[in-house]
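Worksheet for the structure shown next.
When reading the values below, keep in mind they use all heavy atoms of this one structure, side chains included, and skip hydrogens, waters and symmetry mates. Keep in mind it's a predicted model, so treat the numbers as computed, not measured.
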Amino acid sequence: MSQYATLGVAVIGTGRMGADHVRRLNDVISGARVAAVVDIDADRAKRVADGIEGCTPHTDPAAAMADPSVDAVLIASPGAAHEEALLAAFARDLPVLCEKPLTPDPASALRVLEAEQRLGRRRVQVGFMRRYDADYLKLKALLGQGAYGRPLMLHNKHRNADTPPGFTNAMMIHDSVVHEIDVTRWLLDEEITAVRVLRPVPTGHAPEGLSDPQLILFETSAGQIVDTELFVNCGFGYQVGCEAVCEGGTARIGDDHGVFVNAAGKWGGSITPGFVERFEEAYDRQVQRWVDATRRGEVEGPSCWDGYAAAAVCEAGVRAQATGERVEVELVERPALYR
């Protein structure tokens, strides 16, 4: 398509993330419009489409992709449905922004990886939005400049106020720590080679059966050590941070920002209530960059390899969580397309 034409996007999945992306494409992003929406709930798809001029509702992703007004696909459906949708997009050679996970496990992610390789070029950007956050971008730039020497360790924190019903120990890895997995690989330019999970005394506020908090340890191919404090029922808000410890200094992001007050015998500021609010600008920047690159006929950002590698580390993490043992990460050789 011409880089000056408006990109027609099919949004697959109109739940919390999908609906937010529909709003983003309609009201925030330039150069794109929502041409179709897909949801297994036909009534919900119709309600969303009815509010958008020229948007068609569907219950089948392949049918939406066959619409001649669709130039690209944004996948925001549950992870188990991603593989089928991705393969359907490949069949039509459509560019895709796929919300994490690429797929829920490394075996299916590898199938997607191999299918994209058969196309001979990248079609997929995976939605690891922290790579588009202003603070993480600054930290990445500092490490890339070598201003403080070689990075030796990362300290991460990841805290949520509470968890939704049905949240499991495995989901603590797949749904939460997956972000630390990706930023670790991205910030250090190294693969994660092994995982350990430690379980301190649990909070009394965690649902029955959920071991919370947890401390996750990564080893990298360069010998760096990365720890992540994961506390998903902290009760007071949403906090994400990272400190890089280098040979000649440290750099930290994630301290609370905004107005700091002293009044009526109190001092302090506010804590972000959730991930959507904390990373709203990152989501906006991510989708705008995807739209801009797609209109140029390019694909940038996190790749299918990044999605596959994250899935492989998650699998090792769940095993480490269950056994209490150090578990090595199993990866295939990185294909030339992703080097």
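Distance CZ/R185 to OG/S221: 9.5 Å, rounded to 0.5 Å. Residue S69 holds its OG atom at 5.0 Å from CZ of R33, rounded to the nearest 0.5 Å. To the nearest 0.5 angstrom, Q125 atom CD is 10.0 Å from E99 atom CD. Annotation: the span from E53 atom CD to N26 atom CG amounts to 10.5 Å, rounded to 0.5 Å. Note that CD of Q214 is 5.5 Å distant from CZ of R199, once rounded to the nearest 0.5 Å. Remark: H155 NE2 to R252 CZ distance equals 10.5 Å, nearest 0.5 Å.
Y148 places no side-chain N or O within 3.5 Å of a backbone atom of A244 that could act as its donor or acceptor partner. The closest donor-acceptor contact from the side chain of D135 to the backbone of I253 lies at 3.5 Å or more, if one exists at all. Under the 3.5 Å distance criterion, the side-chain polar atoms of R131 are left unmatched by any main-chain donor or acceptor of V183. Using modelled atom types, one side-chain atom of T103 and one backbone atom of A109 make a donor-acceptor pair closer than 3.5 Å. E247 places a side-chain N or O within donor-acceptor distance of the main-chain N or O of R150, the cut-off being under 3.5 Å. Distance alone, capped at 3.5 Å, is enough to place a donor-acceptor pair between the H82 side chain and the P101 backbone. Looking at T228, its side chain never comes within 3.5 Å of a backbone N or O of N156 through a donor-acceptor pair.
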(request) Verify side-chain contact (heavy atoms from CB on, under 4.5 Å) between N169 and L210, making sure each step is shown before the conclusion. (result) CA-CA 6 Å; N169 283 310; L210 191 68; 3.6 Å; yes
(request) List the steps, then state whether side-chain contact (heavy atoms from CB on, under 4.5 Å) holds for L154 with F218. (result) CA-CA 10 Å; L154 295 181; F218 301 139; over 6 Å; no
(message) Run V37 and D39 through side-chain contact (heavy atoms from CB on, under 4.5 Å) and show every step you take.
(response) CA-CA 7 Å; V37 293; D39 202 286; over 6 Å; no
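Closest approach of L337 and Q117 over heavy atoms only: CD2-CA, 4.1 Å. Across all non-hydrogen atoms, the minimal contact from H58 to A36 is CD2-CB, 3.9 Å. The minimum heavy-atom distance between F167 and S176, with the atom names listed, is CZ-OG, 3.9 Å. Heavy-atom minimum distance, M129 versus A282: O-CB, 3.5 Å. Summarising the geometry of L187 relative to C242, their closest heavy-atom pair is CD1-SG, 4.0 Å, with the distance given to 0.1 Å. Between D306 and F128, the closest heavy-atom pair is O-CE1, 4.2 Å.
In this structure the side chain of L25 reaches within 4.5 angstrom of the side chain of V287, judged on heavy atoms. Contact of the L331 side chain with the V329 side chain is registered, since non-hydrogen atoms from C-beta on lie closer than 4.5 Å. Between V240 and R130 the shortest side-chain heavy-atom distance falls below 4.5 Å. Inter-residue side-chain proximity for T184 and V313 is flagged as unmet; no heavy-atom pair is nearer than 4.5 Å. Proximity of V178 to K100: side-chain heavy atoms (C-beta onward) are separated by under 4.5 Å at one or more points. At a threshold of 4.5 Å between non-hydrogen side-chain atoms, the residues V124 and L102 count as touching. Side-chain contact check for Q288 versus Y132: every heavy-atom pair is 4.5 Å or farther apart. The side-chain heavy atoms of P335 and W305, taken from C-beta on, include a pair separated by under 4.5 Å.
In this model, no donor atom of one side chain and acceptor atom of the other lie less than 3.5 Å apart for E190 and Q224. In the model, E116 has a side-chain atom that pairs as donor or acceptor with a side-chain atom of Y338 under 3.5 Å. For the residue pair T163 and N233, a side-chain donor N or O sits within less than 3.5 Å of a side-chain acceptor on the partner.
Other residues, nucleotides and ligands place more than 12 heavy atoms under 6.0 Å from the NZ atom of K157. Atom CD of E114 has more than 12 neighbouring heavy atoms from other residues, nucleotides or ligands inside a 6.0 Å radius. Within a 6.0 Å sphere centred on CD of E300, other residues, nucleotides and ligands contribute more than 12 heavy atoms. In the displayed structure, E84 atom CD is contacted under 6.0 Å by at most 12 heavy atoms of other residues, nucleotides or ligands. More than 12 heavy atoms of other shown residues, nucleotides or ligands fall within 6.0 angstrom of atom CG in L198.
Transitive grouping of hydrophobic side chains (ILVMFWY, heavy atoms separated by less than 4.5 Å) brings F279 and L230 into a common cluster. Hydrophobic clustering of Ile, Leu, Val, Met, Phe, Trp and Tyr side chains at less than 4.5 Å, counting indirect connections, unites V177 with L188. Residues V327 and L215 do not share a hydrophobic cluster, defined by chaining ILVMFWY side chains whose heavy atoms lie under 4.5 Å apart. Hydrophobic clustering (ILVMFWY, side-chain heavy atoms < 4.5 Å, transitive): L87 and V38 are in one cluster. Residues L74 and M65 do not share a hydrophobic cluster, clusters being chains of Ile/Leu/Val/Met/Phe/Trp/Tyr side chains in contact below 4.5 Å.
Tested against D133 for a salt bridge (Lys or Arg N to Asp or Glu O under 4.0 Å), the candidates K140, R285, R278 yield a single pass: R278. The residue from E180, E229, Q239 that alone fulfils the side-chain hydrogen bond (donor to acceptor under 3.5 Å, both in side chains) condition with H158 is E180. Of the candidates L7, T6, D71, L7 is the only one forming a side chain to side chain contact (heavy atoms under 4.5 Å, CB included) with R295. Screening R121, R122, R118 against D93 for a salt bridge (Lys or Arg N to Asp or Glu O under 4.0 Å) leaves a single residue, R121.
Between R339 and E333 there is a salt bridge, since at least one side-chain N of the basic residue sits less than 4.0 Å from a carboxylate O of the acidic one. Taking the charged nitrogens against the carboxylate oxygens, R319 and E325 have no contact shorter than 4.0 Å, which rules out a salt bridge. A salt bridge is defined here as a Lys NZ or Arg NE, NH1 or NH2 lying under 4.0 Å from an Asp or Glu carboxylate O, and D20 with R23 meets this definition.
Using cut-offs of 30° and 60° on the angle between ring planes, the pair W186 and Y136 is tilted.
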